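Keep in mind that the numbers below use all heavy atoms, side chains included, and drop hydrogens, waters and symmetry copies. For ligands, and for the atoms within them, numbers begin at 1 and follow the listed sequence. Predicted model, so just to flag it, every value in this text is computed and none were measured.
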Amino acid sequence: MRVSMASCNKPNSASTEANNRDKVVLAYSGGLDTSVAIRWLQDTYNVDVIAIAINVGQPPSKDDIVARALRNGAIKADFIDVTDEFVSDYVWPSLKANALYQNVYPLSTAIARPLIAKKLVEIARAEGAKYIAHGCTAKGNDQVRFDVGIVSQDPNLSIIAPMREWVTTREKEIEYAKENGIEIIVKKESPYSRDENLWGSSCECGILEDPWEEPPADVWENTVDPEKAPDTPTYIEIEFEEGVPVSLNGEKMGGVELIEKLDKIAGENGVGRIDHVEDRLVGIKSRETYECPAAVTLIKAHQALEAMTLARDTIEFKRGIEQKFCQLAYDGLWFGGLMEPIQAFIDETQRYVSGTVRVKLYKGNATVVGRKSPYSMYDAGLSTYAEGDSFDHNSATGFIYVWGLPGRTAAKSHAVKKK
Ligand code: ARG
């Protein structure tokens, strides 16, 4: 894990600290909501605010958000990079589970929340903070994932969600910032609400709230329109070791680099766009779009390798376990009791999921076109219809007799009933 703990104390924070106020650790993004939240928390709860920006692979910001948090009144501010831990402990387990919520959404936002919750709890304990605050509203899944993630790790911490308590509008927040001398960066107003990390990005609101409307071009930020993607396909090779991708096009690389590179190649070919009406945990159906080029490609490749290296009953049984994994991750139960045994089962299935998969990327599609593995269960001698057939044809007759016996017996005994 790369963690830059270059925390800096606000120069004039001594007086506030001397007051011995309770402390709150705020999950801080540098955006409008969490910037005004610093002051709101101080005023409403009479607390000292420690602002923590947690990087799970979202695009870097040129703005020094740590310095700005201090100028806006935080007594401490940090930026911590947990991208490596995100990949090893959250993304790879999801890939091993072929995790697609409702068969389409790779859970990119959902699996980052428990890690952020974990870091906030660690910092709250180290700082002796009584509260953790986050900027989620009352209508989404993320509030549930944060709140449940936090209390599952430390039931003594209390949670404050300013945007849940303080029902406000963007205009009112800007007004509040002006009145209170809060430094904010007002970006061009976007109709969309977005979230982004290394595993993918999500977009909702605006015109997307009409599920009949095709997502307009400005929804998509990280993928090329499939219609404008190259006219010739791009072929890639992904090598897996025990279910985890370890090389791209023959080059060994770490997880973060591999996902970043694949995101670019697949995104240039228009792969990874998802348009979905999704069931939120809070009972609301919502229309969202996602861009997850690397996730979509890797899950397809991983499934193809499993098809070659796992027995049929394992694949079928695992499918049910995968659904459960998705539900736990989506519903904010990452730190609940069931996740660990579920992951232990999935890990066990991955022992022979090693090999290489070739994928063709072409105008929005990622298609598996080749696979090989030292542990392949594909036996050419058994499957061939050409020379070299090793299958015992005579055994088929006896097998089918026994296999069909229950049906044969039932048909005979039912035939005696008069119509
Ligand atoms: N619907 C997705 C989920 O619940 C994405 C949520 C995106 N979050 C956001 N604050 N815009 O995982």
Side-chain angles (χ1 to χ4, degrees), residues 26-37 53-59 86 90-91 93-95 97 99-117 120 133-149 159 161-164 167-170 173 187 189-209 211 215 218-222 272-293 295-296 299 323 325-335 339:
L26 168 68
Y28 167 75
S29 70
L32 177 63
D33 291 350
T34 54
S35 293
V36 295
I54 298 177
N55 178 31
V56 277
Q58 51 274 60
F86 179 49
Y90 298 83
V91 173
S94 303
L95 176 61
L100 291 170
Y101 177 65
Q102 299 189 320
N103 293 323
V104 293
Y105 162 43
L107 290 162
S108 38
T109 293
I111 59 169
R113 300 316 193 188
L115 173 57
I116 295 171
L120 294 171
H134 59 70
C136 301
T137 65
K139 285 173 80 169
N141 297 310
D142 291 327
Q143 52 166 349
V144 183
R145 297 170 185 147
F146 279 130
D147 288 23
V148 174
I159 294 143
M163 295 302 135
R164 193 162 57 192
V167 182
T168 183
T169 59
R170 184 182 145 90
E173 283 181 65
K187 296 202 193 104
E189 193 173 1
S190 158
Y192 306 119
S193 163
R194 298 182 186 274
D195 182 64
E196 183 164 3
N197 64 47
L198 190 67
W199 200 227
S201 60
S202 74
C203 183
E204 57 193 294
C205 305
I207 189 77
L208 292 175
E209 287 179 359
D218 65 349
V219 157
W220 311 110
E221 290 191 324
N222 306 318
R273 291 187 173 190
I274 296 156
D275 175 359
H276 182 44
V277 173
E278 168 179 313
D279 283 289
R280 287 191 189 161
L281 175 57
V282 291
I284 299 170
K285 279 197 191 287
S286 95
R287 200 281 190 91
E288 321 210 2
T289 59
Y290 298 98
E291 288 172 278
C292 309
V296 164
I299 291 170
Q323 294 291 328
F325 175 99
C326 290
Q327 198 187 341
L328 295 175
Y330 189 85
D331 292 356
L333 299 175
W334 191 275
F335 300 113
M339 190 49 124

Show me the short polar-atom pairs for ligand 1: any N or O of it lying under 3.5 Å from a protein N or O, with distances only.
{"unit_1": "ligand 1", "atom_1": "1 (N)", "unit_2": "E278", "atom_2": "OE2", "d": "2.7"}
{"unit_1": "ligand 1", "atom_1": "1 (N)", "unit_2": "E288", "atom_2": "OE1", "d": "2.8"}
{"unit_1": "ligand 1", "atom_1": "1 (N)", "unit_2": "E288", "atom_2": "OE2", "d": "3.1"}
{"unit_1": "ligand 1", "atom_1": "1 (N)", "unit_2": "Y290", "atom_2": "OH", "d": "3.1"}
{"unit_1": "ligand 1", "atom_1": "4 (O)", "unit_2": "N141", "atom_2": "ND2", "d": "2.7"}
{"unit_1": "ligand 1", "atom_1": "4 (O)", "unit_2": "R145", "atom_2": "NH1", "d": "3.1"}
{"unit_1": "ligand 1", "atom_1": "4 (O)", "unit_2": "R145", "atom_2": "NH2", "d": "3.1"}
{"unit_1": "ligand 1", "atom_1": "8 (N)", "unit_2": "D142", "atom_2": "OD2", "d": "2.9"}
{"unit_1": "ligand 1", "atom_1": "10 (N)", "unit_2": "D142", "atom_2": "OD2", "d": "3.3"}
{"unit_1": "ligand 1", "atom_1": "11 (N)", "unit_2": "S193", "atom_2": "OG", "d": "3.2"}
{"unit_1": "ligand 1", "atom_1": "11 (N)", "unit_2": "E204", "atom_2": "OE2", "d": "3.2"}
{"unit_1": "ligand 1", "atom_1": "12 (O)", "unit_2": "Y105", "atom_2": "OH", "d": "2.6"}
{"unit_1": "ligand 1", "atom_1": "12 (O)", "unit_2": "R145", "atom_2": "NH1", "d": "2.9"}
{"unit_1": "ligand 1", "atom_1": "12 (O)", "unit_2": "R145", "atom_2": "NH2", "d": "3.1"}

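- Side chains of Y101 and Q323: no donor on one and acceptor on the other come within 3.5 Å.
- For the pair R145 and Y330, the cation-pi criterion (under 6.0 Å, within 45° of the ring axis) is fulfilled.
- Contact check on E221 versus R194 returns a salt bridge, with a Lys/Arg side-chain nitrogen under 4.0 Å from an Asp/Glu carboxylate oxygen.
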Practice prompt. Under the side chain to side chain contact (heavy atoms under 4.5 Å, CB included) rule, what do M339 and L333 come out as? Steps first, then yes or no, please.
Written response: CA-CA 7 Å; M339 190 49 124; L333 299 175; over 6 Å; no
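- S201 and N222 are linked by a side-chain donor-acceptor pair at a separation below 3.5 angstrom, with hydrogens and angles left out of the test.
- Residues F325 and W334 place their aromatic rings such that the two centres sit under 6.0 Å apart.
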